[in-house]
Visitor: 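Can you read through this structure? Questions will come right after.
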There are 2 protein chains.
Amino acid sequence: MDMDARKLRILRAIIDDYILTGVPVGSRTISKKYEMGLSSATIRNEMSDLEELGFLDQPHVSAGRIPSAKAYRLYVDSMLQAGIIPDDSAESVLSHFSGRVHQMEEVIDHAAKVLSSLTQYTAVVLSPKGNEPRIQTIQMVPVSAESALVVIVTDQGLIRDSIIRVSSEVDGDTLYAISRTLTNELRGSTLTDACGIMPQLIRRMDGNDEVLRSLYGFFNEGKTVTRSPHVAIGGTSNMLSYPEYSDVDKARNFLSLMETRDKLADIIRGSGEMAFTVRIGPETGVPEMADCSIVTASYSTRSGQQGTIGVIGPTRMRYSRVISILNMMGHELTDMFSGEDEGKRTP
Amino acid sequence: MDMDARKLRILRAIIDDYILTGVPVGSRTISKKYEMGLSSATIRNEMSDLEELGFLDQPHVSAGRIPSAKAYRLYVDSMLQAGIIPDDSAESVLSHFSGRVHQMEEVIDHAAKVLSSLTQYTAVVLSPKGNEPRIQTIQMVPVSAESALVVIVTDQGLIRDSIIRVSSEVDGDTLYAISRTLTNELRGSTLTDACGIMPQLIRRMDGNDEVLRSLYGFFNEGKTVTRSPHVAIGGTSNMLSYPEYSDVDKARNFLSLMETRDKLADIIRGSGEMAFTVRIGPETGVPEMADCSIVTASYSTRSGQQGTIGVIGPTRMRYSRVISILNMMGHELTDMFSGEDEGKRTP
DNA sequence: GTTAGCACTCGCAACCGGAGAGTGCTAACA
DNA sequence: TGTTAGCACTCTCCGGTTGCGAGTGCTAAC
């Protein structure tokens, strides 16, 4: 026995119905609601076959059937192959970015919010992650008599800034001079490189040791800090709307997973830097998410870094809708981040 | 009939027990567990009185009593008056800030995490909010051939930065020169002021119109953006551990409230800039929080801005513990932000 | 191959009844 | 007059039972 067109049609109807209602679906429902031209008894036989093939599960004997992870997988794959994407789909995502100027992190936060409110699931947006950024400009700005702000611009437009102490004798012009020299010496290096070079620079540029040493310290810290990307989450509470999470313990587990951003980032990014991923149930590899699905897409910035956006929902997710929304949002973000003014734009 | 010492002692026992167990407490429990030297019957009479006085509620006739908001209020007030604070309280909060250097926002995020894990409730930390910041230094740093980074240092150490377009003819030294002039002209102004001054500056400093106009635009945006403070939340999932939130609907309401950061910030800050607040149940003024309590404390930075930290928990909160932890955390943050290096430190 | 019919299986909601907790009241006691 | 023992009463909670409805699987007829 194997799959034929009719089995497929029936399976599809079952999945559609289950996604809609969330309750096990019976043979009668299929035969009536989706005019198949078949009686419930026939459907019943087919369903029995489908169960044997591993596409359906039966919570208990007298309930209807529910689709298995394998079924969703088939469903999603065939949908993607057929290119059925923007069908029941999203209004333009575009309109949700209002005519304001955005900082990178704001865009990301906002994207998570929009994504969750459009999908009614939980959304996660990761900031782009690329190679270690390379220094482009270093500038120190006096802040008070005793402290200065260090700004480092990198090739990724990423800016690390921090305040360091400087002795009160060093004035703005001196800082500017030092900044210029440093920029010349360190342009193109990574922060890690910079840490290697600094000691000899300190020896060479005698005077202003204090400032240089502070900077050295700053580089050292910066090395580690730069790595962790920004993670924005939206609509965690949406999950609780679904009967799958009416169990409070389950909900709590899910929420605490959402709270550990690092772990969450790993999970979302789990599938490498693929342009597009759908992971269903066990495929997520996370026990806590055994009955969740994760759909991710990626976006990229002008400098070629990859960021990831993802939606987490119950396995009976409205895949086509989610996929289409993610698609649009991915493009939207890519556009936004490849504008002339990297990291911001005025629409 | 009015309160006497015995009634108070009994009320206190009831509250203690209820905070511990979360279930309505009966007369027998009080008379046995807390050696009162009184029979359950006597306690019963007193409890009846206490109910009449509005300190106790009875979910139904054959359940025990639970403390009312009024009772908690009395409890907290008497506790505060007596100065009973660091009793059953926190190990040093200090140890939780490991020996690393922190950026303001990181400190705040971290504080929320620590606070929630110490209290087992939900914690909220707001970044300091003061008057509109005043410009101290303006600096532009070339980023690419066509764009520059603007950094504005304010008296609050608050830094606004953004990327603006500049034409390719303008080199780094020119930018530095313009920056110096602007700093001289605008030092001490707020961004709002700056917007007023800019037009005439543009007229006076002829040449480099483009750069100045871009800056003007940036000031205009900055005015509005600067206002929204950073809000860090920790331990939202903790709330679901308490039977009060075993109802999924309630939990969802609570969570979506936590997601709207602006509203949350308003609520937390709701009680003005008091050094210390305890709002119990209805006192929060938020219907969704009718059976929550909010305890807040404030911290301040060197420049005198006030930030707020808060803990949200069920009304049967372990007040003394929470208050003591908040106290310590408040001091800790104040110390951290009044160090020489405003906004960061190396312990 | 399809379908009607039927017996069978479960889950679920409603119902019932007893147990237990806790109260309020009354009457006795110090 | 305050305290306590005793008792009837009220509710909730829990376990067991029952009936209903949904849905299946099988068989026999078309």
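Chain A is the first sequence line, chain B the second, and so forth, proteins listed ahead of strands; every chain is numbered from 1.
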Visitor: Side chain to side chain donor-acceptor pair (under 3.5 Å) with B:Lys33: which residues, sequence neighbours excluded?
Guide: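 Once residues adjacent in sequence are excluded, the partners of B:Lys33 under the side chain to side chain donor-acceptor pair (under 3.5 Å) criterion are B:Asp17.
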Visitor: Show every side chain to side chain donor-acceptor pair (under 3.5 Å) that has at least one partner inside residues 243-253 of chain B, sequence neighbours left out.
Guide: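 Applying side chain to side chain donor-acceptor pair (under 3.5 Å) to every pair that reaches into residues 243-253 of chain B, excluding sequence neighbours, yields B:Glu244-B:Arg316, B:Asp249-B:Arg252, B:Lys250-B:Asp291.
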Visitor: Return the set of residues passing side chain to side chain donor-acceptor pair (under 3.5 Å) with B:Thr42 (not counting sequence neighbours), or none when no residue passes.
Guide: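 So B:Thr42 forms a side chain to side chain donor-acceptor pair (under 3.5 Å) with B:Ser39.
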Visitor: Tell me, please, which residues at least two apart from B:Tyr18 pass ring pair (Phe, Tyr, Trp, His ring centres under 6.0 Å).
Guide: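 So B:Tyr18 forms no ring pair (Phe, Tyr, Trp, His ring centres under 6.0 Å) with any residue.
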Visitor: Quick one: side chain to side chain donor-acceptor pair (under 3.5 Å) pairs with a partner in residues 57-71 of chain B, sequence neighbours left out?
Guide: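 Applying side chain to side chain donor-acceptor pair (under 3.5 Å) to every pair that reaches into residues 57-71 of chain B, excluding sequence neighbours, yields B:Glu51-B:Arg65.
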Visitor: Heavy atoms within less than 4.0 Å of DNA chain C: which residues of residues 241-251 of chain A have one? Give them sorted by number.
Guide: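 Result for residues 241-251 of chain A: none.
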Visitor: Please give me every residue in residues 26-33 of chain B whose heavy atoms get under 4.0 Å of an atom in DNA chain C, ordered by residue number.
Guide: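 Close to the strand are B:Gly26, B:Ser27.
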Visitor: With sequence neighbours excluded, tell me which residues meet ring pair (Phe, Tyr, Trp, His ring centres under 6.0 Å) with B:Tyr72.
Guide: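 Once residues adjacent in sequence are excluded, the partners of B:Tyr72 under the ring pair (Phe, Tyr, Trp, His ring centres under 6.0 Å) criterion are B:Tyr319.
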Visitor: Could you identify which residues of residues 56-63 of chain A place a heavy atom less than 4.0 Å from some atom of DNA chain D, listed by residue number, or say none?
Guide: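 Within this stretch, A:Gln58, A:Val61, A:Ser62, A:Ala63 sit under 4.0 Å of the strand.
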Visitor: Restricting to nitrogen or oxygen on both sides, can you table the protein-nucleotides 28-30 of chain C pairs closer than 3.5 Å?
Guide:
none

Visitor: How sharply is the helix from C:dG1-D:dC30 to C:dA30-D:dT1 bent, taking the axes over five pairs at either end and rounding to 10 degrees?
Guide: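 About 20°, once rounded to a multiple of 10°.
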Visitor: Please write out the pairs of protein N or O atoms and N or O atoms of nucleotides 5-9 of chain D separated by less than 3.5 Å, giving the distance to one decimal.
Guide:
unit_1, atom_1, unit_2, atom_2, d
D:dG6, O6, B:Arg44, NH2, 3.2

